Amino acid sequence: MTSDLKYLRHNDGTQVQNIGLGTFASVEGDCEKAVLHAIDVGYRHIDTAYFYGNEGEVGAAVRKKIDEGVIKREDIFITTKLWCNFHEPERVEYACRKTLANIGLDYVDLYLIHWPFSYAYRGDNEMIPTDANGEVELVDIDYVDTWRAMEKLVELGLTKSIGVSNFNADQLTRLLANCKIKPIHNQIEVHPGLNQKNLIELCKKNDIVVTGFSPLGRHNAEKRTPAFMYDGKVQAIGDKYNKSIAQVLIRYLIELGTVPLPKSSNPKRIEENFNVFDFKLDARDHAILDSYHGGERVAHARQAIKSKYYPFQHYSACF
Ligand code: A2P
């Protein structure tokens, strides 16, 4: 089969590569190296967030590759995210400018509302403010109001596009009914344990691209989780195509109609995860992978469950 590595067109005319490098939980110092290597391998789509604390490393790597002449600014798509303590509409532009200062560029390609719920603002670095009982301090800010401030960022040229992350079907539908600028992405957790077929369908109908984080179910080699990373049936699928389990899982996300964002700081795995555009899963493979769908989440944000904007009906601690 010919490679189906390509660019997808968004509802606002911008484009993105149909795979991206995830950077959540990369160890300090590793992220910059990972992004430098990813660009050499061919990734042109990098996902970061204020919350991850690595916007600076992502920016340093991208600027280095621009200075070296390997890429031009317009060749690379950088996504980052507004954290929950900056949801007050008058704080959104401040947060975005802070992010741009971290990254060291004058615009990002995409700025997402990281979660639909909001936390109290107790300073830029207090990202999960807690009360005397140790409970997170939630505040009642409507994400539609935050969105209006996000729309202004596009007018100001601070970001080319805007979108959301971890929004459920009702929240997305309500946002679509109340926006001037449509979100271009909903970034959500997707893997065989949580295949998100209904939400993907809704996004597709509304011309919103789904980016899938944790395609490997946040693989943990020490704990040997999630189960589908260690299952002979998935290994057998990989063997048929001469691919690893990770490659099968990343391919599964592509064929579900999403843009996978596998996170890795390891050069070999960064290459492996990109090498998924020369094979196709068949219906039986899909049936096996679909059979793991139990609805378990790795990113459940349980601390915010009391917010009326908490997006999930149920969650589980892990696999
Ligand atoms: P590392 O960064 O050392 O490669 P997810 O994207 O589902 O959140 O999973 C991320 C986890 O999976 C990280 O611990 C990452 O470790 C690991 N990982 C990334 N790519 C692979 C791969 N190809 N095979 C096995 N583990 C991987």
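Only this structure's heavy atoms are used, side chains among them; waters, hydrogens and symmetry mates stay out. As the structure is a prediction and not an experimental result, all values here were calculated from the model. Whatever order the structure lists them in is the order used to number ligands and atoms, beginning at 1. In what follows, residues are counted from 1 in the order of the sequence shown.
Of the protein's heavy atoms, Lys263 O, 3.6 Å lies nearest to atom 10 (C) of ligand 1. Atom 5 (P) of ligand 1 has as its closest protein heavy atom Ser214 CA, 3.5 Å.
Residue Arg73 forms a salt bridge (charged side-chain N to carboxylate O under 4.0 Å, His left out) with just one option from Asp67, Asp109, Asp106, and that option is Asp109. When Phe117, Trp115, Tyr143 are each tested for a ring pair (Phe, Tyr, Trp, His ring centres under 6.0 Å) with Tyr309, only one passes: Tyr143.
With atom 18 (N) of ligand 1 as the reference point, the heavy atom nearest to it among Asn273, Leu216, Asp30 is part of Leu216. The heavy atom nearest to atom 9 (O) of ligand 1, considering only Arg269, His219, Lys268, is found in His219.
Remark: Ile103 CD1 to Asn54 CG distance equals 9.5 Å, nearest 0.5 Å.
No close placement of the Tyr310 and His300 rings is indicated, their centers lying 6.0 Å or farther apart.
Although no hydrogens or angles enter the test, the distance criterion places no donor-acceptor pair under 3.5 Å between the side chain of His185 and the main chain of Gln187.
For the pair Asp278 and Lys243, the salt-bridge criterion is met [side-chain N within less than 4.0 Å of a carboxylate O].
Using cut-offs of 30° and 60° on the angle between ring planes, the pair Tyr43 and Phe274 is tilted.
Which parts of ligand 1 touch Asn266 is read off a 4.0 Å heavy-atom cut-off, strictly below it: atoms 4 (O). Interface atoms of ligand 1 facing Ala246, defined by a heavy-atom separation under 4.0 Å, are 22 (C), 23 (N), 24 (N).
Residue Glu272 touches ligand 1 through its side chain alone, judged by heavy-atom distances below 4.0 Å. Heavy atoms of Pro215 found under 4.0 angstrom from ligand 1 belong to the backbone as well as the side chain. Heavy atoms from both the backbone and the side chain of Ser264 come within less than 4.0 Å of ligand 1.
Taking 4.0 Å as the cut-off, Ser265 counts as a neighbour of ligand 1 on heavy-atom distance.
Looking at Met229 next to ligand 1, no N or O pair under 3.5 Å apart turns up.
Of the N and O atoms on the side chains of Ser264 and Asn273, not one donor lies less than 3.5 Å from an acceptor on the other residue.
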